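Ligands are counted one by one from 1 in listed order, and the atoms in each one are counted from 1 as well. Just the heavy atoms: all of them, side chains too, but no hydrogens, waters or symmetry mates, feed the values below. Keep in mind the model is a prediction, meaning the values are calculated, not measured.
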Amino acid sequence: MSPPIGPRTQLCGVILHPAGHTRSPAMHNAAFAALGIDAVYVAFDIAPAGLGEALSGARALGVRQLAVSIPHKQAVMPHLDAVDATARRIGAVNTITRDGKRMLGSNSDWLGVVRALERETQLAGCDAVVLGAGGAARAAVFGLLERGARVRVLNRTRVRAEQLVADLGANGAGSLADLGGLPCDVLVNTTSVGLRENTSPVPAAAIRKDAVVLDAVYDPPRTRLLRDAEARGARGVAGKWWLVYQAAEQLAAWTGRDAPIETMADAFDRVGANPT
Ligand SMILES: NC(=O)c1ccc[n+]([C@@H]2O[C@H](COP(=O)([O-])OP(=O)(O)OC[C@H]3O[C@@H](n4cnc5c(N)ncnc54)[C@H](OP(=O)(O)O)[C@@H]3O)[C@@H](O)[C@H]2O)c1
């Protein structure tokens with residue numbers, strides 16, 4: 001049980017726009033309760049034009065930690081006192097942690113990808129394919145390279161995949177249609193295809209039967225890509241686990257404590273069952 005809200009209660013939250021049905025407050029508040037941490041976590045709907053003012057307000061109010069979501073992950077960087085080397089290399093901040101008066105930017109998305117995949121497989125030496133070349137792809141590619149995988153990036157707009165590969169030192173770029181011809185032990189979808197619709201970024205026949213497939217999209221929980229992958233005998237990893245592990249790393253960055261993974265995953269499921 002969390003302590004009752006009082007004068008020492010710390011404020012945490014997520015800044016995003018639009019706020020929609022974010023599951024972060026449910027996951028983090030469940031973790032605070034399980035660990036007995038005196039903090040509350042809320043969602044702040046911040047339009048891009050209000051980002052600077054919102055961060056000044058957070059600074060003045062002593063907000064302890066902020067998660068940063070779409071569309072602020074790049075724009076937030078100049079407003080911070082420091083951004084760590086990993087977040088700079090990925091090119092995005094998804095976590096702001098207060099240290100005294102300073103606000104420090106970091107990125108836990110890459111660890112979310114890696115830890116979600118490591119539920120099913122080892123990554124060192126494997127052939128990985130990342131679909132997409134946006135912010136989530138950069139975190140995924142960084143994480144896979146960190147773990148010693150060979151990484152190819154396929155994207156609708158091929159030139160963006162080529163740029164990402166050049167920036168992060170990955171192993172090859174192409175178009176989504178190239179998937180079937182590539183070695184692929186691990187497949188990570190970071191395109192937004194499948195979000196609240198029954199579509200997949202790639203045809204089922206292009207998915208290797210022995211692959212592990214992680215979908216960044218978590219609404220619906222079992223996307224078309226995951227269903228196609230499992231129907232072919234591949235192992236699916238739901239986007240929920242990426243979200244849960246990146247949140248767990250945020251909590252650890254502040255408190256130094258291991259986050260209660262199953263408690264956070266249960267909270268994610270409860271919001272999904274009752275999205276209002
Ligand atoms: N599970 C998690 O914890 C987690 C974490 C981060 C992100 N996500 C999710 O990952 C997704 C991507 O986020 P992001 O920040 O990387 O977004 P982003 O920077 O806007 O990138 C979007 C990517 O999707 C591709 N795309 C969009 N529509 C497409 C279509 N109709 N066909 C093929 N490709 C299409 C884009 O290709 P082009 O370059 O050709 O436009 C681009 O590669 C979102 O759904 C986000 O919610 C989940």
Residues [X], [Y]: salt bridge by 4.0 Å N-O rule:
X: Asp178; Y: Arg152; value: no
X: Arg8; Y: Asp38; value: no
X: Asp228; Y: Arg232; value: no
X: Asp81; Y: Arg59; value: yes

Check the orientation of Phe32 and Tyr41. Use parallel for under 30°, tilted for 30 to 60°, and perpendicular for over 60°.
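The rings of Phe32 and Tyr41 sit tilted, inter-plane angle from 30° to 60°.
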Any protein N/O atoms within less than 3.5 Å of an N/O atom in ligand 1? List the atom names and distances, or say none.
| from | atom 1 | to | atom 2 | distance (Å) |
| --- | --- | --- | --- | --- |
| ligand 1 | 1 (N) | Ala216 | O | 2.9 |
| ligand 1 | 1 (N) | Gly239 | O | 3.2 |
| ligand 1 | 3 (O) | Leu243 | N | 3.3 |
| ligand 1 | 16 (O) | Gly135 | N | 3.2 |
| ligand 1 | 16 (O) | Ala136 | N | 2.8 |
| ligand 1 | 19 (O) | Gly135 | N | 3.1 |
| ligand 1 | 24 (O) | Ser192 | N | 3.4 |
| ligand 1 | 31 (N) | Arg156 | NH1 | 3.3 |
| ligand 1 | 37 (O) | Asn155 | OD1 | 3.3 |
| ligand 1 | 39 (O) | Asn155 | ND2 | 2.8 |
| ligand 1 | 39 (O) | Arg160 | NH1 | 2.7 |
| ligand 1 | 40 (O) | Arg156 | NE | 3.0 |
| ligand 1 | 40 (O) | Thr157 | N | 3.1 |
| ligand 1 | 40 (O) | Thr157 | OG1 | 2.5 |
| ligand 1 | 41 (O) | Arg156 | NH2 | 2.9 |
| ligand 1 | 43 (O) | Ala133 | N | 2.9 |
| ligand 1 | 43 (O) | Asn155 | OD1 | 2.8 |

>> Measuring from atom CG of Leu11 to atom CD1 of Ile5, what distance do you get when rounded to the nearest 0.5 angstrom?
In response: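 Here the interatomic distance stands at 9.5 Å.
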